[in-house]
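Since this is a predicted model, take the numbers as computed values, not measurements.
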Amino acid sequence: MPSIPRLGFTKRGPFAMAALSDDPIQEWILTEGKATQITRIRPIGGGCINLANRYDTDAGSFFVKTNRSIGPSMFEAEAIGLGAMYETGTIRVPKPFKVGPLRNSGSFIIMEFIEFGASRSNQSVLGRKLAEMHKAGKSEKGFGFPVDNTIGSTPQINTWCSDWIQFYGEHRLDYQLKLAQDQYGDSTIYQKGKRLIKNMEPLFENIVIEPCLLHGDLWSGNISSDKNGEPVILDPACYYGHNEAEFGMSWCAGFGGSFYTSYFEVMPKQPSFEKRRDLYLLYHYLNHYNLFGSSYRSSAMSIIDDYLRMLKV
């Protein structure tokens with residue numbers, strides 16, 4: 001398991017925690033962050049879940065996310081994921097520095113600030129770098145991750161499992177199907193989805209599945225490039241899984257032909273890849289259904305029905 005980069009932290013669990021103070025963010029920046037003064041703090045886009053700020057200092061800039069509604073566990077999981085990807089030395093990710101609680105409520109994460117370039121990353125380079133990460137980041141514990149994390153705001157369970165089909169069926173598809181049933185009373189998608197899980201094993205015949213380090217939520221909003229044009233990936237939902245599962249958000253990632261060509265030069269395409277592709281889209285369509293409502297139900301239902309017909313079950 002890759003080690004998590006630290007800057008002289010006091011050890012606490014899987015990731016270091018900042019000391020509680022009136023402003024623990026500024027305290028860390030002005031001590032362990034090696035700055036003597038903070039020259040400017042300005043808000044930048046941080047998505048719909050967290051607030052994000054850039055802290056400019058005489059020791060460089062830091063990217064800081066805060067959330068007043070949750071404790072540090074979500075940011076701890078993000079830091080562990082970023083650290084694991086960073087340690088592969090392949091694709092560029094922000095280096096995580098510190099996670100901790102805010103003074104009254106909530107939590108924060110401090111990480112490397114990366115100056116983005118004017119254009120999106122080169123598709124060919126992105127495909128190659130991502131494949132290099134999948135090739136380098138392997139786990140001897142099987143499929144899963146040291147901690148549970150979130151996919152959007154949905155909990156993502158990462159309990160270790162030696163069997164990929166079991167892991168994906170139980171901790172990805174079945175978890176989302178249960179949410180849909182609990183939230184919407186959708187027994188139709190639940191029952192058909194369970195039938196698919198029970199019968200999906202033939203889709204994985206004659207292939208080798210290794211536990212590769214995945215970003216886990218790779219859509220266009222989490223892909224950028226630095227000022228040198230090198231690809232950068234952000235806001236992960238990491239776990240060790242089948243490398244093909246990384247393409248589950250391809251419907252809103254904009255991967256082109258050059259991306260896949262470069263990717264498969266490093267990580268060769270396995271037999272029946274096209275037959276499994278929609279199975280990995282299904283997890284994310286179900287998650288969007290649970291997060292954003294019924295407009296995503298038809299896409300998920302269509303995939304399930306197509307597989308039930310294909311598998312004749």
Side-chain angles (χ1 to χ4, degrees), residues 44-52 63-82 84-85 93-94 96 99 106-109 111 130 144-159 167-184 186 189-190 193 213-224 232-242 244-255 278-301 303-304:
I44 52 180
C48 56
I49 299 173
N50 307 301
L51 297 177
F63 179 70
V64 179
K65 290 199 292 188
T66 58
N67 189 308
R68 284 286 179 184
S69 302
I70 61 167
S73 60
M74 184 179 76
F75 287 144
E76 283 185 314
E78 179 178 355
I80 292 169
L82 287 171
M85 293 192 297
V93 299
V99 173
S107 54
F108 70 89
I109 179 171
M111 65 185 79
L130 187 66
F145 206 57
V147 293
D148 293 340
N149 47 30
T150 55
I151 181 77
S153 59
T154 307
Q156 183 167 259
I157 308 304
N158 295 317
T159 305
F167 178 89
Y168 190 68
E170 180 179 343
H171 297 313
R172 294 296 179 263
L173 297 183
D174 188 57
Y175 188 88
Q176 294 285 346
L177 291 167
K178 286 177 179 175
L179 284 180
Q181 185 181 51
D182 293 345
Q183 187 170 199
Y184 304 119
D186 196 338
I189 201 167
Y190 176 77
L213 179 62
L214 308 182
H215 175 282
D217 191 16
L218 204 58
W219 67 288
S220 59
N222 291 339
I223 302 169
S224 190
V232 179
I233 54 177
L234 318 158
D235 294 335
C238 287
Y239 64 100
Y240 291 92
H242 186 197
E244 293 175 9
E246 192 77 283
F247 310 134
M249 285 289 283
S250 59
W251 48 282
C252 56
F255 298 145
D278 283 359
L279 192 68
Y280 292 131
L281 302 185
L282 178 58
Y283 172 57
H284 295 279
Y285 276 124
L286 286 170
N287 186 48
H288 277 62
Y289 175 32
N290 285 313
L291 287 175
F292 306 118
S294 60
S295 62
Y296 291 95
R297 183 185 186 277
S298 61
S299 296
M301 195 75 252
I303 290 173
I304 293 171

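One finds the OH atom of Y175 at 4.5 Å from the CD1 atom of I157 (value rounded to the nearest 0.5 Å). We find the OH-CH2 distance between Y296 and W251 to be 5.0 Å, quoted to the nearest 0.5 Å. A distance of 5.0 Å separates CD1 in I151 from NE2 in H284, rounded to the nearest 0.5 Å. Atom CH2 of W219 is separated from atom OG of S250 by 14.0 Å, given to the nearest 0.5 angstrom. With rounding to the nearest 0.5 Å, the separation of CG in L282 from CD1 in I303 is 5.5 Å. To the nearest 0.5 Å, the span separating CG on L130 from NE2 on H215 amounts to 9.0 Å.
Under the side chain to side chain donor-acceptor pair (under 3.5 Å) criterion, Q176 pairs with N287, N290, sequence neighbours left out. Taking N67 as the reference, I49, N50, S69, I70, M74, F75 meet the side chain to side chain contact (heavy atoms under 4.5 Å, CB included) condition, with sequence neighbours excluded. Applying the side chain to side chain contact (heavy atoms under 4.5 Å, CB included) rule to A253 yields the partners F255; only residues at least two apart in sequence or on another chain are considered. Every side chain to side chain donor-acceptor pair (under 3.5 Å) that E78 has, sequence neighbours left out, goes to K65. Shown here are the ring-ring contact (aromatic ring centres under 6.0 Å, His included) partners of H171, two or more places apart in sequence or in another chain: F167. Checked against side chain to side chain contact (heavy atoms under 4.5 Å, CB included), Q181 has the following partners two or more places apart in sequence or in another chain: S187, Y190.
The side chain to side chain contact (heavy atoms under 4.5 Å, CB included) test with P236 singles out one residue from L213, L82, I80, D217, and that residue is L82.
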Query raised in the report: Does the pair V64 and I109 meet the rule for a side-chain contact (heavy atoms from CB on, under 4.5 Å), with working shown?
Result: CA-CA 6 Å; V64 179; I109 179 171; over 6 Å; no
Report task. For side-chain contact (heavy atoms from CB on, under 4.5 Å), just list the numbers for Y285 and Y289, CA-CA rounded to whole Å, side-chain angles, deciding distance to a tenth of an Å, and then say yes or no. Result -> CA-CA 6 Å; Y285 276 124; Y289 175 32; over 6 Å; no
**Report entry** Derivation of the side-chain contact (heavy atoms from CB on, under 4.5 Å) call for L281 and F247
**Finding:** CA-CA 7 Å; L281 302 185; F247 310 134; over 6 Å; no
Query raised in the report: Between Y184 and I189, does a side-chain contact (heavy atoms from CB on, under 4.5 Å) hold up when you go through it step by step?
Result: CA-CA 10 Å; Y184 304 119; I189 201 167; over 6 Å; no
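Within the 4.5 Å cutoff, the side chain of Y280 has no heavy atoms near those of the D278 side chain. Put simply, the side chain of M85 reaches to within 4.5 Å of the side chain of V93, judged on heavy atoms. Residues F108 and V99 have side chains not in contact (no heavy-atom distance under 4.5 Å, counting atoms from C-beta outward).
A pairwise comparison of heavy atoms in P96 and A79 identifies CG-O, 3.6 Å as the closest pair. In terms of heavy atoms, G152 sits closest to L291 at CA-CD1, 4.4 Å. For the pair N149 and C238, the tightest heavy-atom approach, listed with the atom from each and the gap, is ND2-O, 2.8 Å. Residues M111 and P94 share a closest heavy-atom pair of SD-CB, 3.6 Å.
Judged by the 6.0 Å and 45° rule, R172 forms a cation-pi pair with Y239.
In this structure a side-chain-to-backbone donor-acceptor pair under 3.5 Å is present from Q156 to A237.
A salt bridge does not link K178 with D182: none of the charged nitrogens is closer than 4.0 Å to a carboxylate oxygen.
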